[in-house]
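Heads up: the structure comes next, in structure tokens.
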Amino acid sequence: MDLATFLVQCLNAVQYGLLLFLLASGLTLIFGIMGVINLAHGSFYMIGAYMAFVLAPHFADQFLLMLLAGVVLAAVFGFVLEWAFFSFLYEREHLQQVLMTYALILVFEEARSLLVGNDVHGVPVPGWLAGSVPLGELMTYPVYRLFASGACIVLAVAMYFVVNRTRLGMMIRAGASNRDMVRGLGVDIKTLYRIVFAAGVALAALAGMIAAPMSSVYPGMGGSVLIICFVVVVIGGIGSITGALVASLLVGFVDTFGKVFFAEYSGIGVYLLMAIILIWRPEGLLTRRA
């Protein structure tokens, strides 16, 4: 492998890892902080991808505006969804959480089939991001992939600042540790959790919108990312945003270079990584406080 090819694969690994972090961070908020096993999280990713497909013709090259509109719609949807369904799950057993969120997967898939059909769709890359940059004399790298990586980095920094440096983040961390104590201090824990859930849905949908121009938009696409999201959350440490970032990048590199060097066995690389890390640190790489 020459240097240019190695650099391309490194960029692919970082881009995949950062996009995976954007998706997994939403699950970290919902599963790690709120304690809800949300099997429907992959469906929020799918909803974001289909929103990109539906909204793209109406926004032309105003891609950033389309992303903003999609995030707002997803956050409102998440807010209503938490009020209607998830707010009843916090004190219930995990089996009930699994059954209800699996039922939501079926509902979302059927709604998707009725609204947009079962065809595979593509979302065009906006014109101002359609070029490529040279890597060496023979290779180039798409500008859109660099944009996706940059957007995920900006969002990761913003998320870290909100969770660790703001009053809202302080309440979220306190509510994750002891919701009864936070409620006793006068914080409206229901509204707080509703905001956290809406943020988790918006992050997953945003990941789907960003990923849509790089891959096809197809039925069942949420199921293919759900398991890997749980792997990231477990590796990073349940409830840790920083841990999710580190785990996402590790998974990105293992998966990308596994497909390059061990194509036949690449499917087990990520799970082998998870097994090794959990043997070494059963609680994950970082704790909830990180």
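Just so it is clear, the structure is predicted and the values come from calculations on it, not from any experiment.
- For Asn164 (side chain) and Tyr160 (main-chain N/O), a donor-acceptor pair under 3.5 Å exists by modelled atom type.
- Cluster membership check: Leu73 shares its hydrophobic cluster with Phe85, using side-chain heavy-atom separations under 4.5 Å among Ile, Leu, Val, Met, Phe, Trp and Tyr.
- When all heavy atoms of Ala156 and Phe21 are compared, the closest pair comes out as CB-CE2, 3.4 Å.
- With sequence neighbours excluded, the residues satisfying side chain to side chain contact (heavy atoms under 4.5 Å, CB included) with Glu109 are Met46, Ile105, Arg112.
- For the residue pair Asn12 / Thr256, no side-chain donor-acceptor distance below 3.5 Å is found, with atom types taken as modelled.
- With Ser224 contributing its side chain and Gly220 its backbone, the two residues share no donor-acceptor pair below 3.5 Å.
- Within a 6.0 Å sphere centred on CE of Met181, other residues, nucleotides and ligands contribute 12 heavy atoms or fewer.
- In this structure, Met274 CE and Ile228 CD1 are separated by 8.5 Å, a value rounded to the nearest 0.5 Å.
- What you find for Ala74 and Val201 is that their closest heavy atoms are O-CG1, 3.5 Å.
- If you take CG on Leu23 and SG on Cys229, they are separated by 3.5 Å, rounding to the nearest 0.5 Å.
- Residues His41 and Ile30 are in side-chain contact: their nearest non-hydrogen atoms beyond the backbone lie under 4.5 Å apart.
- Cluster membership check: Ile172 does not share its hydrophobic cluster with Phe79, using side-chain heavy-atom separations under 4.5 Å among Ile, Leu, Val, Met, Phe, Trp and Tyr.
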Handout entry: Full working for ring-ring contact (aromatic ring centres under 6.0 Å, His included) between Phe31 and Phe230
Key = CA-CA 9 Å; Phe31 174 47; Phe230 274 104; 5.5 Å; yes

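- Contact record, Ala211 with Leu19: CB-CD2, 3.6 Å, taken as the closest heavy-atom pair.
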Practice task
For Phe253 and Val14, run side chain to side chain contact (heavy atoms under 4.5 Å, CB included): C-alpha distance rounded to whole Å, both residues' side-chain angles, the deciding distance at 0.1 Å, then the answer.
Solution key: CA-CA 7 Å; Phe253 273 91; Val14 171; 3.8 Å; yes

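- In the hydrophobic cluster analysis, where Ile, Leu, Val, Met, Phe, Trp and Tyr join through side-chain heavy atoms closer than 4.5 angstrom, Leu64 is grouped together with Val143.
- Between Ile195 and Thr191 there is a side-chain heavy-atom pair separated by less than 4.5 Å.
- In this pair, Phe147 and Phe63 present their aromatic rings perpendicular. The plane angle is above 60°, beyond the 30 to 60° band.
- Between Val217 and Val123, the closest side-chain pair of non-hydrogen atoms falls below 4.5 Å.
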Handout entry: Derivation of the side chain to side chain contact (heavy atoms under 4.5 Å, CB included) call for Met214 and Gln15
Key = CA-CA 11 Å; Met214 295 185 289; Gln15 181 265 309; 3.3 Å; yes

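- Residues Phe257 and Phe262 place their aromatic rings such that the two centres sit no closer than 6.0 Å.
- One finds the CG atom of Leu155 at 7.0 Å from the CG atom of Leu203 (value rounded to the nearest 0.5 Å).
- With hydrogens and angles disregarded, no donor-acceptor distance shorter than 3.5 Å links the side chain of Thr101 to the backbone of Asn38.
- Of all the heavy atoms in Ser240 and Gly236, the pair that sits closest is CB-O, 4.1 Å.
- With contacts defined as side-chain heavy-atom distances shorter than 4.5 Å, the pair Ile238/Val233 qualifies.
- Across all their heavy atoms, Val116 and His121 have their closest contact at O-NE2, 3.6 Å.
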Exercise for the section: Apply the test side chain to side chain contact (heavy atoms under 4.5 Å, CB included) to residues Leu273 and Val231: give CA-CA distance (whole Å), side-chain angles for both, the deciding distance (0.1 Å), then the verdict. Expected result: CA-CA 10 Å; Leu273 171 68; Val231 168; over 6 Å; no

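- Each salt bridge (Lys or Arg N to Asp or Glu O under 4.0 Å) pair with one or both residues in residues 205-230, not counting sequence neighbours, would appear here, but there are none.
- Here the side chains of Pro219 and Tyr50 are in contact, with some heavy-atom distance below 4.5 Å.
- Other residues, nucleotides and ligands contribute only 12 or fewer heavy atoms inside 6.0 Å of the CD1 atom of Ile227.
- Considering only residues two or more places apart in sequence or on other chains, Ile47 meets the side chain to side chain contact (heavy atoms under 4.5 Å, CB included) condition with Phe44, Met51, Phe77, Phe108.
- Note: the hydrophobic cluster containing Trp280 also contains Val251 (ILVMFWY, side chain heavy atoms under 4.5 Å, direct or indirect links).
- In this structure, the separation between OG1 on Thr242 and CE on Met159 is 10.5 Å, given to the nearest 0.5 Å.
- Residues Tyr141 and Leu7 have side chains not in contact (no heavy-atom distance under 4.5 Å, counting atoms from C-beta outward).
- In this structure, Tyr193 has its ring center closer than 6.0 angstrom to the ring center of Tyr90.
- A chain of hydrophobic side-chain contacts below 4.5 Å, direct or via other Ile, Leu, Val, Met, Phe, Trp or Tyr residues, connects Leu27 to Tyr102.
- Listed for the Arg92 side chain is a donor-acceptor partner under 3.5 Å among the backbone atoms of Phe88.
- What you find for Ala40 and Leu104 is that their closest heavy atoms are CB-CB, 4.1 Å.
- Atoms CG and CG, from Leu20 and Leu249 in turn, are 9.0 Å apart once rounded to the nearest 0.5 Å.
- Partner of Ile277 under the side-chain contact (heavy atoms from CB on, under 4.5 Å) criterion, chosen from Val234, Leu272, Leu250: Leu250.
- One finds the CG atom of Leu115 at 10.0 Å from the CD atom of Glu110 (value rounded to the nearest 0.5 Å).
- For the pair Gln97 (side chain) and Ile37 (backbone), a donor-acceptor distance under 3.5 Å is present.
- Residue-environment remark: OH (Tyr271) exceeds the threshold of 12 foreign heavy atoms within 6.0 Å.
- The backbone N or O of Gly222 lies less than 3.5 Å from no partner atom in the side chain of Ser43, so there is not a single donor-acceptor pair.
- For the pair Leu146/Leu129, no side-chain contact is recorded, criterion being any heavy-atom separation below 4.5 Å from C-beta on.
- The closest donor-acceptor contact from the side chain of Tyr144 to the backbone of Ile210 lies under 3.5 Å.
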